Amino acid sequence: MTIDTGINTPDVIVVGGGTGGYSTALRAAGLGLDVTLVERDKVGGTCLHRGCIPSKAMLHAAELVDGIAEARERWGVKATVDSVDWGALVATRDDIVARNHKGVEAHLAHAGVRVVRGSARLTGARTVRVESAGTESAPGVQDLTARRALVLATGSRPRTLPGLDPDGRRVVTSDDALFAPGLPASVLVLGGGAIGAEYASFHRSMGAEVTLVEAADRIVPLEDADVSRHLTRGLKKRGIDVQAGARLLDAELLENGVRARVRTARGETRTVTAERLLVAVGRAPVTEGLGLDAAGLTTDERGFVVPEDWGRLETAVPGVHVVGDLLPPPSLGLAHASFAEGLLVAETVAGLESPPVDYAAVPRVTYSSPQTASVGLSEAEARARGHEVDVGTMPLTAVAKGMVHGQGGMVKVVAEAGGGQVLGVHLVGPNVSEMIAESQLIVGWDAEPSDVARHVHAHPTLSEAVGEVFLTLAGRGLHQQ
Ligand SMILES: Cc1cc2nc3c(=O)[nH]c(=O)nc-3n(C[C@H](O)[C@H](O)[C@H](O)COP(=O)(O)OP(=O)(O)OC[C@H]3O[C@@H](n4cnc5c(N)ncnc54)[C@H](O)[C@@H]3O)c2cc1C
């Protein structure tokens, strides 16, 4: 192995090239800083290669399959799905990922960001040693020193459960599920958060028998209780066996699957046999081998790197910042939150005054069928924080476009009582991921229902239901008392 003794001294070193890292690098370079980004795998990180993009590509294919069933059952279209060619689906998905990957690489090159391939380990507060994978042509070690800032963006990986080691075939994580050789006929999904709900929904659309087990008393437990209720109803209607308040007792590996015992909320023990057990019990921050102690940094008991100053996302060690999935709540473990964090850190390092990330106004989406999308406080959170609230709700089927879609769903708005500030908006139904944008502005701009009620929604649209709820909360409802 050759040692490169020349010390590289960029203004900013970013460790990790996922959405948090590359957004920091691009913005910092755009502000005239000399940036080196260290990535041991592929720029784009989890979101592009194993998360948001491939999963949403697959969920798009799932929507098409569901659409054919709806076309036949509701619209007289004489069509059936013969089969799904998993290889062709994967090829389209991977082509989308590859094109995005090229795009990210091109943006970084165009911005003048130097990308160093290899694994970074901190050797001091602003110094990093990068060991490359060591090809014949380019083995080596590089030592880098950041003149202004070091940004940690090493992200997260799937959590697993003790005694339930993924083997990539029968017991899988969300990473393995992407690269499986085929579609299973039956799946037991463990974990009813966004990733679990999305994978349960996908496999059901592809014809699998699906059981979804969540230990909390409701799926998507971080969302408003009405969101959980409507999502549960929607998934059950599609034939998914949703078991909330349930626990996996044990799982036995079979030749071609697993046999698991599940204790249901009613205290019954059920045996579920499935070709695949998908473990989706959350994500763990990645800090192993990163050398945090050499920089004087520690993690909290869950492994997150906690900023001392959330307004600058700066740790207790001056000049060391953190973005993305390495951050604990109130950060959200979402790609778009990490984009906002990257912008904030880059601007802060460049000496600009940027407002902190307003996490309460960051939208959260589950891309299952039906989808959920929300921003701001749930009704329970608002009450727990001492707000007196007015709540407006409307089923999506109360507007014509909701009837056209025929998939149920709802709008729920939580506002300070007496016409005060909108605190939260919660949507369930088709396409609500595309409908949440107006609500994030409503919540982010501290609007009141009367501010929103002044604006006219297009007819016929699903978002008319959002407009209707605000009209009602402002005392001007057409269709509600
Ligand atoms: C199945 C799934 C679906 C998801 N869907 C969505 C969604 O729809 N919308 C959404 O907003 N979010 C979604 N997410 C979450 C999203 O992917 C993450 O929030 C986001 O990727 C976090 O970005 P990050 O930059 O913090 O970390 P990552 O994307 O994990 O990137 C970290 C990078 O650091 C590199 N690295 C780690 N250690 C080192 C080291 N020592 N040296 C060099 N490089 C290193 C890794 O190789 C990696 O590329 C999803 C996640 C999953 C798993």
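What's counted below: heavy atoms across the whole structure, side chains too, no hydrogens, waters or symmetry copies. Only a predicted model underlies this, so the values are computations on that prediction, with no experimental measurement involved. Indexing begins at 1, ligand by ligand and atom by atom, following the structure's order.
- For ligand 1, the atoms sitting less than 4.0 Å from at least one non-hydrogen atom of K56 are 5 (N), 6 (C), 7 (C), 8 (O), numbered in the order shown with element in parentheses.
- Atom 26 (O) of ligand 1 has D325 N, 2.8 Å as its closest protein atom, hydrogens excluded (heavy atom only).
- Listed by atom number, the atoms of ligand 1 under 4.0 Å from G18 heavy atoms are 25 (O), 29 (O), 31 (O), 33 (C).
- Residue pairs satisfying the ring-ring contact (aromatic ring centres under 6.0 Å, His included) criterion with at least one member in residues 41-62, sequence neighbours excluded, are listed as follows: H49-H101.
- Regarding atom 53 (C) of ligand 1, its nearest protein heavy-atom neighbour is R283 NH1, 3.3 Å.
- Atoms of ligand 1 lying under 4.0 Å from any heavy atom of S156, numbered from 1 in the order shown and given with element: 30 (O).
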Take R148 and E314 through the salt bridge (Lys or Arg N to Asp or Glu O under 4.0 Å) test and state the conclusion after the steps. CA-CA 12 Å; R148 289 214 200 176; E314 192 167 19; over 6 Å; no
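- The closest non-hydrogen atom to atom 37 (C) of ligand 1, taken over T154, V116, L37, comes from T154.
- Salt-bridge check for E209 with R276: failed, with every basic side-chain N at 4.0 Å or more from each acidic carboxylate O.
- Note on R238 versus D66: salt bridge recorded, some NZ/NE/NH1/NH2 to OD/OE distance being below 4.0 Å.
- Sorted by first and then second residue, the salt bridge (Lys or Arg N to Asp or Glu O under 4.0 Å) pairs with a member in residues 347-369 read R27-E347, E223-R364; sequence neighbours excluded.
- Among the atoms of S55, none of the N or O lies under 3.5 angstrom from an N or O of ligand 1.
- Taking a 4.0 Å cut-off on heavy atoms, Y367 registers as neighbouring ligand 1.
- If you check the side chains of Q371 and N431, you find no donor sitting under 3.5 Å from an acceptor.
- Considering backbone and side-chain atoms alike, Y199 places every N or O at 3.5 Å or more from each N or O of ligand 1.
- Residue-ligand proximity, A153 to ligand 1, at heavy-atom distances under 4.0 Å covers atoms 32 (C), 33 (C), 34 (O).
- Of the protein's non-hydrogen atoms, the one nearest atom 21 (O) of ligand 1 is C47 N, 3.2 Å.
- At the shortest separation from atom 49 (O) of ligand 1 among protein heavy atoms lies E39 OE1, 2.8 Å.
- One finds a salt bridge joining D300 and R302 here, because a Lys/Arg side-chain nitrogen approaches an Asp/Glu carboxylate oxygen to under 4.0 Å.
- Below 4.0 Å from some heavy atom of V38 lie the following atoms of ligand 1, by number and element: 43 (C), 44 (N).
- For ligand 1, none of its N or O atoms has an N or O atom of V286 under 3.5 Å away.
- Looking at ligand 1, you won't find any N or O of G324 less than 3.5 Å from one of its N or O atoms.
- Side-chain atoms of Y359 and E341 include a donor-acceptor pair closer than 3.5 Å.
- Side chains of S463 and T461: a donor-acceptor N/O pair is present below 3.5 angstrom, by distance only.
- With ligand atoms numbered from 1 in the order given, ligand 1 contributes 1 (C) to contacts under 4.0 Å with heavy atoms of R50.
- Of the protein's heavy atoms, T46 OG1, 2.6 Å lies nearest to atom 30 (O) of ligand 1.
- Summary of contacts: the protein heavy atom closest to atom 4 (C) of ligand 1 is C52 N, 3.5 Å.
- If you number the atoms of ligand 1 from 1 as listed, the ones under 4.0 Å from a heavy atom of G118 come out as 42 (N), 43 (C).
- Taking any N or O of L290, backbone or side chain, none lies under 3.5 Å from an N or O belonging to ligand 1.
- In terms of protein heavy-atom proximity, atom 2 (C) of ligand 1 is nearest to G51 CA, 3.4 Å.
- Checked against a 3.5 angstrom limit, the closest N/O atoms of A335 and ligand 1 fall inside it.
- A donor-acceptor pair shorter than 3.5 Å cannot be found between the side chains of D95 and T92.
- From the protein, the heavy atom lying nearest to atom 23 (O) of ligand 1 is T19 OG1, 3.1 Å.
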